Colleague: 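Below you'll find the structure I mean.
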Amino acid sequence: MSDFFSDYWSYYIAAIALVGIVWCVWLLFSQRKVTKVAGASEDTGHVWDGDLRELNNPLPRWWMWMFLLACIFGLVYLVLYPGLGSYAGVLKFSTQGELAAHREAQEKMQNEIYAKYLKMDVKQVAADPQAREIGQRLFLNYCAQCHGSDARGSRGFPNLTDHDWLYGGEPETIQQTITKGRNGVMPPFASTIDGKLAGDVAQYVRSLSGLSSDPIRASRGESTFKSTCAACHGSTGKGNQALGAPNLSDNVWLYGSSEGSIVEAILKGHNNHMPAHEEILTPERIRMLTAYVWGLSNTGGAGQ
Ligand code: HEC
Ligand code: HEC
């Protein structure tokens, strides 16, 4: 109602509403008089189907009262609630206000619950069943579309329930990942490594985690790995969490362990993005999620 440019429209609308009600009441009483003057059971002169006549009886009393009560209800409503132009009503009710009050109550309730957990260590929070439930709900809302509802991930989206971390699995690191996001960049090497050599390097990478490999091709690829890949993945392929370079010597693969997948990584590179959530989630919620994610691979919380 505060959208009016001038008071004129406010008065105009209020007048229409009030005049409308007054007119209804006037109409009711004016018709009543007419029927009284005309007599109780005079007919209107309309006849159908031979002998069906329309009578002109007075309006039934109960109906009159219903009508009057409806008008009174309307007037009382207009005094209490907004309806007359920009007049806010005695109760100062507004749907916006109602929503804000509802939100405030909700936030207060949530903050009371979160306050309890803010005082606790993240690892303790992770062990608390109620906190885990809250964490899971948040996870399903904000994270499951990428990491899966069971947090086990899929191709390109890391599994969060195992002990294999790109960036580290300590609560502080997880919190940092959620707050600021991550961008894992592996550069493409197509300009310096041809397809055949890439296949040999892939064989060497497979040998690092004990997968079947051709020893002759693997040994041909080893020197390239040491000179080109070790800078990020480490000389033994154990990875580097500061860069988000995955461990290539275990059996956890973000994109797959086949020679084809590894060759593709070498030639085309990877550019993987985990969005920052500091704009979307309050610090309290990020903390609940940190505890939940940490708990998935610790405290036996996996699969919860
Ligand atoms: C748009 C997709 C997307 C959403 C939404 C998303 N993530 Fe991620 N997340 C990723 C990707 C992709 C990576 C891997 C980044 C990389 O390879 O550098 C990742 C990485 C992570 C990591 C690091 C894993 C490791 O091994 O170090 C954590 C922890 C994580 N996400 C938690 C979350 C949580 C909690 C949420 C919900 C608040 C979330 N993610 C929402 C895509 C997403
Ligand atoms: C500049 C650092 C850097 C260099 C150099 C680099 N990598 Fe990577 N590599 C990464 C990062 C970071 C990722 C993770 C990308 C992501 O998060 O999606 C990755 C991912 C991979 C993957 C996918 C692993 C999986 O779990 O699926 C393979 C395979 C791989 N690199 C092999 C190599 C090989 C072989 C070389 C050398 C030819 C190499 N990398 C050189 C940083 C590097």
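As a basis for the values below, the full set of heavy atoms in this structure was taken, side chains included, without hydrogen atoms, waters or symmetry mates. Whatever order the structure lists ligands and atoms in, that order sets their numbers, starting from 1. Predicted model, so just to flag it, every value in this text is computed and none were measured.
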Colleague: Please find out if atom 8 (Fe) of ligand 1 and some N, O or S atom of His147 are separated by less than 2.8 Å.
Modeller: yes

Colleague: Assess whether salt bridge (Lys or Arg N to Asp or Glu O under 4.0 Å) is satisfied between Glu222 and Lys226, documenting all intermediate values.
Modeller: CA-CA 6 Å; Glu222 181 174 354; Lys226 295 258 153 78; 3.0 Å; yes

Colleague: If you measure from each non-hydrogen atom of Gln145 to ligand 1, which part falls under 4.0 Å: side chain, backbone, both or neither?
Modeller: side chain

Colleague: Which one holds for Ile178 and ligand 1: side chain close, backbone close, both close, or neither close, with close meaning a heavy atom under 4.0 Å?
Modeller: side chain

Colleague: Is it the case that the side chains of Arg217 and Tyr204 hold a donor-acceptor pair, with the cut-off being a distance below 3.5 Å and no angle test?
Modeller: no

Colleague: Does an N or O from Leu254, backbone or side chain, lie closer than 3.5 Å to an N or O of ligand 2?
Modeller: yes

Colleague: What are the atoms of ligand 2, with element, lying closer than 4.0 Å to any heavy atom of Pro187?
Modeller: 1 (C), 3 (C)

Colleague: How far is atom 13 (C) of ligand 1 from its nearest protein heavy atom, and which residue and atom is that?
Modeller: Pro158 CD, 3.4 Å

Colleague: Before signing off on this row, confirm whether Tyr255 and ligand 2 have an N or O atom pair separated by under 3.5 Å.
Modeller: yes

Colleague: Can you list the ligand 2 atoms lying under 4.0 Å from a non-hydrogen atom of Leu248?
Modeller: 24 (C), 28 (C), 29 (C), 32 (C)

Colleague: Determine, using heavy atoms of Pro246 and all atoms of ligand 2, whether some pair is separated by less than 4.0 Å.
Modeller: yes

Colleague: Given Glu264, His270, Arg206, Arg182, identify the one with the heavy atom nearest to atom 15 (C) of ligand 2.
Modeller: His270

Colleague: Can you tell whether the side chains of Arg152 and Asp150 come within less than 4.0 Å, N to carboxylate O?
Modeller: yes

Colleague: Please determine whether Thr177 has a backbone or side-chain N, O or S atom lying under 2.8 Å from atom 8 (Fe) of ligand 1.
Modeller: no

Colleague: Using only heavy-atom distances, determine whether the side chains of Gln130 and Tyr117 contain a donor-acceptor pair under 3.5 Å.
Modeller: yes

Colleague: Between Glu278 and Lys180, is the closest basic N to carboxylate O distance under 4.0 Å?
Modeller: yes

Colleague: Give a rough value, rounded to 10 degrees, for the angle at atom 8 (Fe) of ligand 2 between atoms NE2 of His233 and SD of Met186.
Modeller: 180°

